[in-house]
Amino acid sequence: MTIGLANHAVAWEVDNYGACFARVVLNGVRNADWSFDPTAPPPRATDSQFVALVKEMECASGQSSAARIVPPAIWYEQDRILVMFSVR
């Protein structure tokens, strides 16, 4: 799942979200779903970090994915940033 963020001068805001995006397939990792942590402050336009809740999409037999979350892949565009998390 990919979430697109747009810089609206005052804050970063989600500008696209959903399962309709192409999936990136990488050797040894699987796509993960993620969202902003609702207990953390929302990111501001000047922020370069945010708190994310990452959820493994594949069955893991009840095992935590915490130690297997890969740092995000980040694509920078002129007016937005695309962020994708994966799990090993």
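Since this is a predicted model, take the numbers as computed values, not measurements. Start at 1 with the first residue, then count along the sequence.
- There is no path of hydrophobic side-chain contacts, each under 4.5 Å, that joins Val51 to Ile81.
- Under the side-chain contact (heavy atoms from CB on, under 4.5 Å) rule, Glu56 has a single partner from Asp33, Ile69, Val87, which is Val87.
- Legend: residues meeting side-chain contact (heavy atoms from CB on, under 4.5 Å) with Glu77, ordered by chain and number and at least two apart, are Arg80, Leu82.
- A continuous path of hydrophobic side-chain contacts links Tyr76 to Val14 [ILVMFWY only; heavy atoms under 4.5 Å].
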Using a 3.5 Å cut-off and no angle test, enumerate the donor-acceptor pairs between side-chain atoms of residues 39-47 and protein atoms at least two apart in sequence or in another chain.
{"from": "Thr39", "atom 1": "OG1", "to": "Asp37", "atom 2": "OD1", "distance (Å)": "2.7"}
{"from": "Thr39", "atom 1": "OG1", "to": "Asp37", "atom 2": "OD2", "distance (Å)": "3.3"}
{"from": "Arg44", "atom 1": "NH2", "to": "Asp47", "atom 2": "OD1", "distance (Å)": "3.1"}
{"from": "Asp47", "atom 1": "OD2", "to": "Arg44", "atom 2": "N", "distance (Å)": "2.7"}

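- Proximity of Phe85 to Lys55: side-chain heavy atoms (C-beta onward) are nowhere separated by under 4.5 Å.
- For residues 3-14, the set of pairs meeting the side-chain hydrogen bond (donor to acceptor under 3.5 Å, both in side chains) definition, not counting sequence neighbours, is empty.
- Take Val70 and apply the side-chain contact (heavy atoms from CB on, under 4.5 Å) test, not counting sequence neighbours, and it matches Val29, Ser86, Arg88.
- Taking CG from Leu53 and CH2 from Trp34, the interatomic distance works out to 10.0 Å, rounded to the nearest 0.5 Å.
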